[in-house]
Amino acid sequence: MSSMFLIGEISRLFQIDIRTLRYYDEIGLFTPASVDGQTGYRYYSIEQFESLNTILYLKALNIPLKEIRQFVHNRNLDDILLLLKEQRSRTEDKIREFEQIQKKIDQRIHQIEDAANTEELYTVRLTELPERTMIMLKQSIHRSNNLEIWIRQLENSSPHRSSVFLGQVGLILSAASLLKHNFDEYDAIFLFAEPDKHISSDTNLKTLPRQSYLTIRFVGTHADAAEHYEKLLRHAEERGYVITDDALEITYIDYGLTQDASRFVTEIQIPVQKI
């Protein structure tokens with residue numbers, strides 16, 4: 001049996017865990033050349049080395065074991081080309097998926113770093129913001145309410161779930177409530193959707209056009225927003241701006257990111273135009 005090898009020897013030669021070799025045997029992927037009927041020892045032949053090398057190569061390409069098993073038992077050029085082309089296509093899909101994940105991570109890093117910039121706090125600014133799409137849940141929400149149940153309902157209402165969201169939760173205060181200085185009751189909760197993501201037409205959507213906003217950021221949550229609405233309204237009146245649509249109140253940093261309430265940041269955005 002000089003050309004035969006025990007499972008432990010195969011494990012060392014190919015740097016494969018013995019449990020993995022036993023599993024390959026169980027699923028019929030790589031079975032021993034012979035098994036001792038009395039001891040149960042598994043023996044592999046040197047002629048099987050090429051087959052195991054092929055298995056390890058294809059496994060390194062992340063090809064599913066089921067497809068590898070189908071190939072190694074009937075190896076031919078047409079099948080290996082088909083197998084590799086199919087795996088290339090799956091790999092390209094994965095690359096696009098990871099690029100999207102990287103994009104989301106980069107966006108979130110930028111959002112957090114920008115929101116954590118203390119120089120931006122408590123200052124009223126006139127800002128032009130690009131077109132944005134939001135997914136809304138129309139619901140009367142008091143400023144003291146915990147938003148988690150509404151966030152869950154909002155995400156569950158979309159077939160795309162949280163995969164399309166940018167991580168910015170917001171509340172909508174109607175223009176009518178704003179003009180009445182009623183800041184206690186919001187009219188909807190929303191999440192911004194990715195601009196390049198297809199959203200089904202049956203989802204409750206609102207597209208905000210590119211327009212000018214008076215904005216202010218402050219340390220705190222929705223419960224602390226009233227005085228900052230007043231500041232924005234005074235600013236609009238003093239400088240001759242008219243409110244053109246509902247106000248947005250967006251959470252940038254809250255307890256989901258930090259337990260330090262002194263680092264919480266919320267922004268109010270009121271769409272305006274010059275009289």
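All residue numbers refer to positions in the sequence shown, counting from 1.
Under the rule for a salt bridge (Lys or Arg N to Asp or Glu O under 4.0 Å), the partners of E67 that lie at least two apart in sequence or sit in another chain are R90. Not a single side-chain hydrogen bond (donor to acceptor under 3.5 Å, both in side chains) links T207 to another residue, sequence neighbours left out. Residues satisfying the side-chain contact (heavy atoms from CB on, under 4.5 Å) criterion with K274, sequence neighbours excluded, are R239, Y241. Judged as a salt bridge (Lys or Arg N to Asp or Glu O under 4.0 Å), and not counting sequence neighbours, E92 has no contacts. Annotation: salt bridge (Lys or Arg N to Asp or Glu O under 4.0 Å) contacts of D246 (sequence neighbours excluded): K206. Legend: residues meeting salt bridge (Lys or Arg N to Asp or Glu O under 4.0 Å) with D224, ordered by chain and number and at least two apart, are absent. F264 meets the ring-ring contact (aromatic ring centres under 6.0 Å, His included) test with no other residue; sequence neighbours excluded. Applying the ring-ring contact (aromatic ring centres under 6.0 Å, His included) rule to Y229 yields the partners F183; only residues at least two apart in sequence or on another chain are considered. Partners of F14 under the ring-ring contact (aromatic ring centres under 6.0 Å, His included) rule, at least two apart in sequence or in another chain, are F49. Checked against side-chain hydrogen bond (donor to acceptor under 3.5 Å, both in side chains), D260 has the following partners two or more places apart in sequence or in another chain: S262.
Ion pairing between a basic and an acidic side chain is recognised when a charged N comes within 4.0 Å of a carboxylate O; E267 and R217 show such pairing. Using a cut-off of 4.0 Å between Lys/Arg side-chain N and Asp/Glu carboxylate O, R143 and E185 are scored as not salt-bridged. With salt bridges taken as basic N to acidic carboxylate O contacts below 4.0 Å, none links R234 and E237.
Screening residues 108-145 for ring-ring contact (aromatic ring centres under 6.0 Å, His included), with sequence neighbours left out, gives Y122-H228. Among residues at least two apart or in separate chains, there is no ring-ring contact (aromatic ring centres under 6.0 Å, His included) pair with a member in residues 58-85.
In this structure, Q100 contributes its side chain and E97 its backbone to no donor-acceptor pair below 3.5 Å.
Atoms CD and CD1, from E99 and I101 in turn, are 10.5 Å apart once rounded to the nearest 0.5 Å.
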